[in-house]
**Q** 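Structure provided below as structure tokens; questions to follow.
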Amino acid sequence: MGNIPGICWGFQLLILFVHHCYGFYLPGSYMHTYSTKDAIYAKVNSLTSIETELPFSYYSLPYCKPMGGIKKSAENLGELLMGDQIDNSPYRFRMNVNESLYLCTTSPLNEREVKLLKQRTRDLYQVNMILDNLPVMRITKQNGVNIQWTGFPIGYTPPNSNDDYIINHLKFKVLVHEYEGSGVQIIGTGEEGMGVISEADKTKASGFEIVGFEVIPCSVKYDPEVMTKLHMYDNISSVNCPLELDKSQIIREQERISFTYEVEFVKSDIRWPSRWDAYLKMEGSRVHWFSILNSLMVITFLAGIVFVILLRTVRRDLTRYEELDKEAQAQMNEELSGWKLVVGDVFREPNHSKLLCVMIGDGVQIMGMALVTIVFAALGFMSPASRGMLLTGMIILYLFLGIAAGYVAVCLWRTLKGTAEGWRSLSWSVACFFPGIVFVILTALNFILWGSKSTGAIPISLYFILLSLWFCISVPLTLLGGYFGTRAEPIQYPVRTNQIPREIPARKYPSWLLVLGAGTLPFGTLFIELFFILSSIWLGRFYYVFGFLLIVLLLLIIVCAEVSVVLTYMHLCVEDWRWWWNAFFASGSVSLYVFLYSINYLVFDLQSLSGPVSAVLYLGYSMIMAVAIMLATGTIGFITSFYFVHYLFSSVKID
């Protein structure tokens, strides 16, 4: 009762705080307001293509350069790893000023530039422009339906033609919303860093906010003799996109290409917090719900099996066994069948026990990272406005979860061995196993990207940063977690292990067949969401249905646990006491189906992907994803099975 006044005071303070703070936006959402005629410069990201998946710098093509030279924007770890290279551009807008402007005329195109422009055009490369942190959007009509695309093509090739035409005139439409500065508190960490707009800054904050950025790309043939007399940002007359090819700008040697653009500002009712809605429109939400319903049916089916095992079979056997007197128990021990026969071998140390501990430790780290990241993303903290934030957050979480990986691995090691001896070596192995696999695959892929001169290649400086993070943060924290693991109470086995291992009866079918079959059930809960994830990665679409993804992840955890328990019980019933690795791979085998599905997606959904380089990159990244899924799902299955077996045999009293 003594805490009630304190709670009341806390409530009053909260009400006062709410009264003075009218609005709050999540990180990554810092708002800019502009006054009329304020200059705003667009930025350009790497050129991208769904045909090659190799990003290239915008200025690798003969485009107009800014007056003050090319300046790179500060990029976070996630952006660098994703191959983003954000540079300034000469495209200048003045708030609420509609104008048509000249940029520049290139020198006559040489053979190398023509070859490069034609190649990039035919590989369907897109220009990705950004204004006030919004990607440019292009709207096209297909079969009477409006389809939205981010970016616009470098050029186009007309049907049944060997000629290519460059996009050299852009018609921009900037949607703006008038902001009155009515005492909204805005706290965010956008591109420009931390910013706060308070009551005192009302007048300063009033103005116009950019809520949309659209483009219509055109190819226009200009007379270079006339255009070279103009200077950058000189006014020109407005241009309509020509439909005739002879009025479009062809790509060929000795051609001089003039670049122009026009901009129209349109007032919009879209408010600033809703400006990303156009990019994040959730298509096919019924499919997501179908995926969840399908998973729930699988879970219910498996839960029924687990219920039967635990409450009927196991409980009945144990109750009947405990009701007998000692003499009858001794007689029954000789007539035991099924799982009760392996009581003296069920906790025998498995083969390659160190590798098992390492994989369980890494699995805990990966699953923890995935769960925390998706929870934060579902709550809105991983804003698409903060490019690379998702990947950066995942890396940071992975580094700091090394402490959990070390702790779990060493605890399991002590349980298996009965001693903490060798925990340092084990902790080092945990810290290096999965990152080592990723490092080897990324290095091999990086040599391919370097050879292609792609911006997707990881710079040497970033390699040193990643290695520093690995050895200066992840390894020490994993060793610290291992040290805590040596201090923790080891799990005590409920039964003694015999000195001589029991012979395992011959079986009609190999155990790996059951293990492989078990992986189909977790895959059934995952594959629909996997399609959307692969589409967002490889087809350049935004993925932002993290609420659905969180539900699917939780369902996947339940299915993996249930599948592993059922399979472990089946193995014990046929007197096979080697359940450790089977429990891991029963749920971990889902990764095989994920990898096979990735190959299926490459063959049937990424038919446009061209060249062996692109296919090798795709398969390399898919392999990393499959290994991570195997470790995470295998760990869930193993830990659940371990506690199931522990519970099962803790009720058996056999000398």
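Start at 1 with the first residue, then count along the sequence.
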**Q** Is any side-chain heavy atom of S622 closer than 4.5 Å to one of F595?
**A**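 In short, these two side chains touch, coming nearer than 4.5 Å.
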**Q** Answer yes or no: are there more than 12 heavy-atom neighbours, outside E349 itself, under 6.0 Å from its atom CD?
**A** yes
**Q** Is it the case that S587 and T633 place a side-chain donor and acceptor less than 3.5 Å from each other?
**A** no
**Q** Parallel, tilted or perpendicular: which describes the rings of F471 and W428, with under 30° parallel and over 60° perpendicular?
**A**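 If you compare the ring of F471 with that of W428, the planes turn out tilted.
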**Q** Can K453 and S60 be said to form a side-chain hydrogen bond (donor to acceptor under 3.5 Å, both in side chains), step by step?
**A** CA-CA 10 Å; K453 296 180 180 175; S60 62; over 6 Å; no
**Q** Flag the pair I629 / V590 as yes when at least one side-chain heavy-atom distance between them is below 4.5 Å, and no otherwise.
**A**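 The answer is yes; the side chains approach within 4.5 Å.
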**Q** With no hydrogens and no angle check, just 3.5 Å: does a side-chain donor-acceptor pair link Y601 and S535?
**A** yes
**Q** Around M137, counting heavy atoms of other residues, nucleotides and ligands shown, do more than 12 lie under 6.0 Å from its CE?
**A** yes
**Q** Stepwise, does the side-chain hydrogen bond (donor to acceptor under 3.5 Å, both in side chains) test hold for Y493 with T415?
**A** CA-CA 8 Å; Y493 292 145; T415 301; 5.9 Å; no
**Q** Is it true that Y41 and Y91 have ring centroids separated by less than 6.0 Å?
**A**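 No - the distance between ring centres of Y41 and Y91 does not fall below the 6.0 Å cut-off.
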**Q** For W580 together with F584, are the ring centres under 6.0 Å from each other?
**A**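 For F584 and W580, the ring centres are not under 6.0 Å apart.
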**Q** Check this for me, if you would: do D132 and R275 make a salt bridge, where the nitrogen-to-carboxylate-oxygen distance has to be below 4.0 angstrom?
**A** yes
**Q** Which pair of non-hydrogen atoms, one from Q126 and one from P153, has the smallest distance, and what is that distance?
**A** OE1-N, 3.7 Å
**Q** Does the structure place the NZ or CZ of R414 under 6.0 Å from the centre of the six-membered ring of W423, at an angle of no more than 45° from the ring's axis?
**A**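 Checked: cation-pi criterion not met.
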**Q** Heavy-atom distance under 4.5 Å between the side chains of Q85 and S57, does that happen here?
**A**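 Yes. Closest side-chain heavy atoms under 4.5 Å.
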**Q** In terms of ring plane angle, is the pair F439 and W470 parallel, tilted or perpendicular, where the classes change at 30° and 60°?
**A** tilted
**Q** Could you go through the side-chain hydrogen bond (donor to acceptor under 3.5 Å, both in side chains) check for S641 and S564 one step at a time?
**A** CA-CA 6 Å; S641 289; S564 191; 2.7 Å; yes
**Q** Flag the pair Y407 / F484 as yes when their ring centroid distance falls below 6.0 Å, and as no otherwise.
**A** no
**Q** On the 0 to 90° scale, with breaks at 30° and 60°, tag the W538-Y621 ring pair as parallel, tilted or perpendicular.
**A**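 Taking Y621 first and then W538, their aromatic rings sit tilted (interplane angle of 30° to 60°).
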**Q** Taking all heavy atoms of N446 and all of I458, pick out the closest pair and write down the distance.
**A**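 Heavy atoms only, the tightest pair is OD1-N, 2.7 Å.
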**Q** With a 3.5 Å cut-off and no angle check, do the side chains of S89 and K65 form a donor-acceptor pair?
**A** no
**Q** Okay, side chain of H646, backbone of Q492: is any donor-acceptor separation there less than 3.5 Å?
**A** yes
**Q** Side chains of L521 and E562: does their closest heavy-atom pair fall under 4.5 Å?
**A** no
**Q** Using side-chain hydrogen bond (donor to acceptor under 3.5 Å, both in side chains), reason through T52 and Y125 one step at a time and then give a plain yes or no.
**A** CA-CA 9 Å; T52 66; Y125 269 87; 2.6 Å; yes
**Q** Is the shortest side-chain heavy-atom distance between L549 and E529 below 4.5 Å?
**A** yes
**Q** Is there a donor-acceptor pair under 3.5 Å between the side chain of N128 and the backbone N or O of S46?
**A** yes
**Q** Determine yes or no for a side-chain-to-main-chain donor-acceptor pair under 3.5 angstrom, with S589 supplying the side chain and V515 the backbone.
**A** yes
**Q** Between T568 and N582, is there a side-chain donor-acceptor contact under 3.5 Å, judged purely by atom types and distance?
**A**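 Their side chains do not contain a donor-acceptor pair, so the 3.5 Å distance test is not met.
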